[in-house]
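All remarks here apply to the structure that follows.
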Amino acid sequence: MQVLEKDFKFLLNGEWSFSSSNQFINIYSPSTGEVVGRVPAMTKDEIDKAVAGARQAQKKWEKLAVSERAKILHAWADELVKMIDVIAPMIMNEVGKNISTARKEVTRTAEIIRYTAEEGVRIHGEFINGGSLDADSSIKTAIVEKKPLGVILAISPFNYPINLAATKIAPALIAGNAVVFKPATQGAISGLLMIQALENAGLPKGLVNTVTGKGSEIGDYIITHPFIDMISFTGGTGTGQNIARKASMIPLVLELGGKDPAIVLEDADLELAATEIVSGAFSYSGQRCTAIKRVLVLKDVAAPLIEKIKEKVEKLTVGRPEDDADITPLIDESSADFVQGLIDDALAKGASLITGNKREKNLIYPTVLSNVTKDMKVAWEEPFGPVLPCIIVDSVEEAIEIANESEFGLQASVFTSNIEKAFTIASSLDVGSVQINGRTERGPDHFPFSAVKNSGLGSQGIRQSIISMMRDKVTVINLKK
Ligand code: NAP
């Protein structure tokens with residue numbers, strides 16, 4: 001096997017190794033097109049070893065005091081921050097995120113790990129007295145323990161290669177589970193570096209094993225593996241639906257796609273709304289699950305709002321992540337083709353171009369479309385790129401109807417200065433979270449993060465994630481009657 005300087009190893013039962021397949025997957029920089037590095041394509045036999053090793057390590061880990069488990073997580077957060085100058089540039093190189101946002105991803109991830117350690121030590125079981133309905137309530141006493149599930153399969157997407165991996169791995173570990181971690185291929189090196197930080201922090205052998213390889217080739221094998229006890233997945237809706245169909249009877253938490261609307265009423269602070277909408281729609285070039293992906297604006301304020309959005313979008317810098325540009329090349333050429341297809345379809349069907357519609361390979365300039373109508377694909381599909389469709393509506397009811405007509409239900413924003421109206425609209429929206437007078441976003445990370453419809457299953461957020469990776473074990477003492 002020819003080993004190159006940029007070849008990265010996977011962690012399997014305490015050893016950093018190459019695969020016996022002798023196969024590597026090239027990871028290309030979305031910005032320069034150059035090979036950033038290669039990760040091994042693991043074999044099924046190696047995946048079996050990863051799951052078996054994790055299963056074995058979990059038994060000892062579960063018995064360790066939660067405070068000891070927390071110490072390792074705190075040390076992991078420290079090691080991660082120490083490695084920021086290695087990990088942040090790798091995030092930038094692998095997924096094209098600008099360098100300051102990549103650095104923020106590292107520090108935010110360390111904060112989440114620390115909070116998870118602190119939250120985990122406070123989660124405990126309970127003690128319940130009870131009887132049958134007509135009996136003395138002290139006849140039965142239940143001791144309810146919180147037990148780990150076993151081996152958690154953590155599958156993360158490319159867009160937050162360490163953040164959305166650590167928000168699965170840290171809660172799994174503090175709850176007493178072991179982890180098999182399958183990073184997105186584009187982002188896998190950053191994921192492996194993050195696990196290197198965890199190893200530096202004293203990770204027991206086998207407790208977290210990594211699986212590298214293309215999801216399209218090994219995905220079905222790991223999600224149907226008989227010794228996986230739970231899957232925590234973040235990624236596209238199609239991939240999530242495939243997991244839901246094929247996985248056996250184990251708990252699933254799925255964080256999937258979105259089409260978050262920003263509803264703007266006549267009484268909104270338009271300056272604030274435009275600022276939040278532009279930041280929500282175009283941060284990391286729109287490659288966020290909770291990006292604002294459509295604006296539903298009341299007709300009386302449509303023109304001034306769209307003018308403000310245009311001014312702000314035209315101030316965004318477009319270029320390379322290395323130069324800290326706001327808008328950087330999309331993850332690959334086919335993603336850019338998809339976004340361009342949505343723009344072309346809308347323009348062909350009569351949408352007005354407010355700004356943008358310029359492209360250099362996979363770099364799409366921020367694009368705003370107005371007079372978007374329901375027959376256009378961009379009204380419904382998740383672009384995962386820098387295009388913002390504006391739909392002008394006649395009434396709040398129409399805005400709510402269009403918002404809810406979507407197959408997705410992740411988040412929504414409502415901009416109004418009437419708090420009562422905001423709450424009424426919020427309660428009518430079929431989504432996991434509603435942001436009043438703010439952009440849609442995950443976090444702060446201790447808030448629950450959930451979704452309905454094709455946007456996901458289950459609830460995340462630090463406490464929710466830990467609990468989702470535990471089960472109740474009940475022991476009942478029957479007292480003498
Ligand atoms: P993706 O293509 O669905 O990939 C996600 C992960 O699944 C990757 O690790 C991928 O591996 C793996 N995978 C692919 N096929 C698989 C299979 N058959 N079985 C098991 N795993 C498989 O998604 P993405 O392009 O990385 O991420 C973008 C999507 O994620 C968007 O739709 C976005 O909205 C969503 N997302 C949602 C949230 C949320 O919180 N709701 C957050 C972030 C992103 P490979 O990379 O090797 O293919």
Side-chain angles (χ1 to χ4, degrees), residues 25-28 30 39-42 47 94-97 105 153-165 167-168 180-192 210-225 228 231-247 252-260 283-293 330-332 334-335 338-339 381-385 406-411 431-433 440-443 445 447-461 464-465:
I25 304 165
N26 283 338
I27 294 171
Y28 297 95
V39 293
M42 285 171 70
I47 292 171
E94 273 194 291
V95 305
K97 190 172 283 191
E105 180 168 343
L153 173 60
I155 306 180
S156 53
F158 79 82
N159 61 339
Y160 288 87
I162 69 160
N163 178 280
L164 288 175
T167 50
K168 303 175 188 339
V180 172
F181 167 42
K182 152 76 183 92
T185 297
Q186 197 86 30
I189 303 173
S190 307
L192 292 171
T210 55
V211 169
T212 54
K214 286 199 172 138
S216 53
E217 287 164 18
I218 54 162
D220 282 6
Y221 189 73
I222 35 171
I223 62 171
T224 54
H225 201 288
I228 293 292
I231 301 175
S232 178
F233 170 84
T234 305
T237 293
T239 319
Q241 284 169 332
N242 178 60
I243 293 174
R245 269 194 301 273
K246 293 183 181 160
L252 300 177
V253 172
L254 306 174
E255 293 183 326
L256 311 175
K259 187 72 183 170
D260 295 358
S283 296
Y284 186 33
S285 313
Q287 296 172 113
R288 296 189 312 121
C289 58
T290 52
I292 289 180
K293 291 173 184 148
L330 295 184
I331 192 70
D332 54 30
S334 70
S335 301
F338 179 72
V339 175
E381 294 188 27
E382 180 188 43
F384 230 57
S406 169
E407 64 168 300
F408 298 107
L410 193 54
Q411 293 206 346
V431 292
S433 314
T440 46
E441 63 185 1
R442 185 183 167 131
D445 293 285
F447 286 9
F449 182 61
S450 68
V452 295
K453 302 195 272 185
N454 285 344
S455 288
L457 192 68
S459 188
Q460 297 224 39
Q464 287 73 14
S465 296

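Counting convention: from 1, in listed order, for ligands and their atoms alike. In this text the structure is predicted, and so the values were computed from the model without any measurement. For reference, positions follow the sequence shown, starting with 1.
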Looking at [atom], what's its closest protein heavy atom, distance included?
{"atom": "atom 27 (O) of ligand 1", "result": "Pro157 CB, 3.5 Å"}
{"atom": "atom 6 (C) of ligand 1", "result": "Ser156 O, 3.5 Å"}
{"atom": "atom 19 (N) of ligand 1", "result": "Gly219 CA, 3.2 Å"}
{"atom": "atom 26 (O) of ligand 1", "result": "Phe158 N, 3.1 Å"}
{"atom": "atom 28 (C) of ligand 1", "result": "Phe384 CE2, 3.6 Å"}
{"atom": "atom 48 (O) of ligand 1", "result": "Gly215 N, 3.6 Å"}
{"atom": "atom 21 (N) of ligand 1", "result": "Ile155 CD1, 3.9 Å"}
{"atom": "atom 7 (O) of ligand 1", "result": "Phe233 CE1, 3.2 Å"}

Any chance the side chains of [X] and [Y] put a donor and an acceptor closer than 3.5 Å?
{"X": "Glu441", "Y": "Thr290", "value": "no"}
{"X": "Glu94", "Y": "Ser190", "value": "yes"}
{"X": "Asn242", "Y": "Thr239", "value": "no"}
{"X": "Asn163", "Y": "Glu105", "value": "no"}

Does ligand 1 come near enough to [X] that some N or O of the ligand is less than 3.5 Å from an N or O of the residue?
{"X": "Thr234", "answer": "no"}
{"X": "Glu382", "answer": "yes"}
{"X": "Thr239", "answer": "yes"}
{"X": "Gly236", "answer": "yes"}
{"X": "Leu256", "answer": "yes"}
{"X": "Cys289", "answer": "no"}
{"X": "Gly235", "answer": "yes"}

Audit row: Gln287, Phe158, side chain to side chain contact (heavy atoms under 4.5 Å, CB included) steps and yes/no
CA-CA 9 Å; Gln287 296 172 113; Phe158 79 82; 3.7 Å; yes

Polar side-chain atom of [X] near backbone of [Y] as donor-acceptor pair, under 3.5 Å:
{"X": "Thr237", "Y": "Asn454", "result": "yes"}
{"X": "Ser455", "Y": "Gly409", "result": "yes"}
{"X": "Gln186", "Y": "Tyr28", "result": "yes"}
{"X": "Thr212", "Y": "Pro40", "result": "yes"}

Given side chain to side chain donor-acceptor pair (under 3.5 Å), test Lys453 with Ser406 step by step and report yes or no.
CA-CA 9 Å; Lys453 302 195 272 185; Ser406 169; 5.5 Å; no

Any atom of ligand 1 sitting under 4.0 Å from a heavy atom of Gly456?
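Contact absent.
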
May I ask whether Ser335 has any heavy atom positioned less than 4.0 angstrom from an atom of ligand 1?
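The answer is no: ligand 1 sits nowhere under 4.0 Å from a heavy atom of Ser335.
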
State the atoms of ligand 1, each with its element, that fall below the 4.0 Å cut-off from a heavy-atom position in [X].
{"X": "Phe449", "result": "40 (O)"}
{"X": "Lys214", "result": "47 (O)"}
{"X": "Asn159", "result": "43 (C), 44 (C)"}
{"X": "Gly213", "result": "47 (O)"}
{"X": "Ala184", "result": "8 (C), 9 (O), 46 (O)"}
{"X": "Pro183", "result": "9 (O)"}
{"X": "Thr185", "result": "45 (P), 46 (O), 47 (O)"}
{"X": "Lys182", "result": "9 (O), 11 (O), 45 (P), 47 (O)"}

Report yes or no: is the cationic atom of Lys182 (NZ for Lys, CZ for Arg) under 6.0 Å from the centre of the six-membered ring of Phe233, at an angle within 45° of the ring normal?
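No.
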
Nearest 0.5 Å, please: how far is NZ in Lys168 from OG1 in Thr234?
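Reported value, rounded in 0.5 Å steps: 2.5 Å.
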
Side chain to side chain contact (heavy atoms under 4.5 Å, CB included) assessment of Ile189 paired with Val39
CA-CA 7 Å; Ile189 303 173; Val39 293; 3.8 Å; yes

Report the part of Ile222 in contact with ligand 1, treating N, CA, C, O as backbone and CB onward as side chain, heavy atoms under 4.0 Å; options are side chain, backbone, both, neither.
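Contact part for Ile222 vs ligand 1: neither.
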
Determine, stepwise, if the pair Ile25 / Glu217 fulfils side chain to side chain contact (heavy atoms under 4.5 Å, CB included).
CA-CA 12 Å; Ile25 304 165; Glu217 287 164 18; 5.9 Å; no

Not counting sequence neighbours, which residues clear side chain to side chain contact (heavy atoms under 4.5 Å, CB included) with Glu382? List them please.
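Scan of Glu382 (side chain to side chain contact (heavy atoms under 4.5 Å, CB included), adjacent residues dropped) gives Lys293, Phe384, Phe408.
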
Kindly indicate whether atom 9 (O) of ligand 1 is approached by any protein heavy atom to under 4.0 angstrom.
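True for atom 9 (O) of ligand 1.
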
Evaluation steps, side chain to side chain contact (heavy atoms under 4.5 Å, CB included), between Val95 and Asn159
CA-CA 7 Å; Val95 305; Asn159 61 339; over 6 Å; no

